[in-house]
Amino acid sequence: MVDPTVEHNPTDQPQGAAISSSVDHHRVGEKILVADDDPAVVRLMEFTLRKSGYSVITASDGDEAIALSARELPDLIILDCGMPKYDGFEVCAVLRKNTDFDDVPIIFLTGLTAASEKARAFSIGGTDYITKPAAREELLARVRTHLELANSRRQLRQLSEMRKAKIETQSVRLGQVRTGQTSMLAHPADFARINTAVRFEPAFEAGGDFYEIVELDEGEYGLMVADISGHDLSVAYLTGALKALTASFTSEALSVDETMLMFNTALRKFLDPGRYATASYVKYSKNRQEIDLINAGHPWALFLPAAGRPHYIELSGDILGMHETISCESVRLDVRSGDRLLMFTDGLTEGYHDSAGVTGSRIFGQQQLLKAVEKHGSLSLQKLVDHIVDDLIEECNGTVEDDVVLLGVEF
């Protein structure tokens, strides 16, 4: 076996071999293992590869090839099919069981021309084959091509792993955004003197849907459901601003119309151009058993009387944050014990699939919501809210396509 540490002189060149004296210095450091039991073949290939700038190690049998591969981790391996101890096929099979060699090209050097032998080489993990005697140009071309392909695969894998790590990191951060956003929302359990129930199902890490429950005065409550356009991370901060606005602009002293006008003025100051919000706001007087309801471009609230059929409270209204002046319809209604009101975002009614499997139809969604209420209307308020949303999620194969808020109050 030739000592791979010894650089040969031009006088060592075997007869008949045409060797270029130019060295591709870009390839210095790429290590190639040549394993063949024919010293003349090894000598020729080693000389050719070294003169082309590669680092070469050699083995004369399969056992030595396996040992050198494990120790040196070459960038490319050339195996003779018919070596003693372990032939090339057996060496390849052993190496392919080690993940360290997943991206290492293995080229078979064979005097065999049978198609079955070539097929066997590929089936056990061979990358290519060269038929003896190997022409210099063919050898160098195949080595260069497979090294470049292997390097490309490694780079792509590294890039993929980097992207995966970034995605995982970003997912953690987005999860923290969602947790922070959810923590800002009101909890019905904090309002023991009013029977409310809520379900919030964000479709994205940061959702634009918002709800709030506030106690305005003793026996007086405000309930807000809103939706800011968009789903990027800035929405999470905007919902925080909505919470602050709700605290500022909902009070017993302000009418629902005044509250909505003040919301619009404030939203115009910090919403980006082209962005807007919709909202539905209710003031409930437990003492007078009446509600004031206003709508600003938002889905209609659904009224469930204790005696009678459910129906939508059809109020029109302009969206918030885009125009200096807005017009929103409002209504005052008397309520009785056991009456219920459902307020929600468009992710609920527009999330239902019609007969063609298409979502986004407001009218169809309103019809489906009425059917869900008739189906589950005898349940407690929280169970009613949960069953409606659960049925929608099941219909959407476990994932809603848009954020969903469903807020219910029982008078």
Could you pull out every donor-acceptor pair under 3.5 Å between side chains of residues 362-371 and any protein atom, sequence neighbours left out?
none

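- Contact of the Leu73 side chain with the Phe101 side chain is registered, since non-hydrogen atoms from C-beta on lie closer than 4.5 Å.
- Between His387 and His376, the two ring planes are tilted [angle within 30° to 60°].
- Panel note: side chain Ser229, backbone Arg275; no donor-acceptor pair is recorded below 3.5 Å.
- Sorted by first and then second residue, the ring-ring contact (aromatic ring centres under 6.0 Å, His included) pairs with a member in residues 242-266 read Phe249-Phe263; sequence neighbours excluded.
- Every residue meeting the side chain to side chain contact (heavy atoms under 4.5 Å, CB included) condition with Asn287, not counting sequence neighbours, appears here in chain and number order: Glu220, Ser285.
- Counting heavy atoms from C-beta on, the side chains of Val198 and Val385 never come closer than 4.5 Å.
- Partners of Ser280 under the side chain to side chain contact (heavy atoms under 4.5 Å, CB included) rule, at least two apart in sequence or in another chain, are Leu293, His298, Met343.
- Evaluation of the ring-ring contact (aromatic ring centres under 6.0 Å, His included) test over residues 135-160, restricted to residues two or more places apart or in two chains, returns none.
- Note: Leu68 CG to Thr58 OG1 = 7.5 Å, rounded to the nearest 0.5 Å.
- Annotation: the span from Asp209 atom CG to Phe200 atom CZ amounts to 6.0 Å, rounded to 0.5 Å.
- Side chains of Arg96 and Ile106 form a contact here, defined as non-hydrogen atoms less than 4.5 Å apart.
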After noting the C-alpha distance and the side-chain angles of Glu290 and Tyr284, does the key distance pass the side chain to side chain donor-acceptor pair (under 3.5 Å) rule? CA-CA 6 Å; Glu290 66 181 20; Tyr284 167 47; over 6 Å; no
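- Asp386 is linked by a salt bridge (Lys or Arg N to Asp or Glu O under 4.0 Å) to Arg199, counting only residues two or more places apart in sequence or in another chain.
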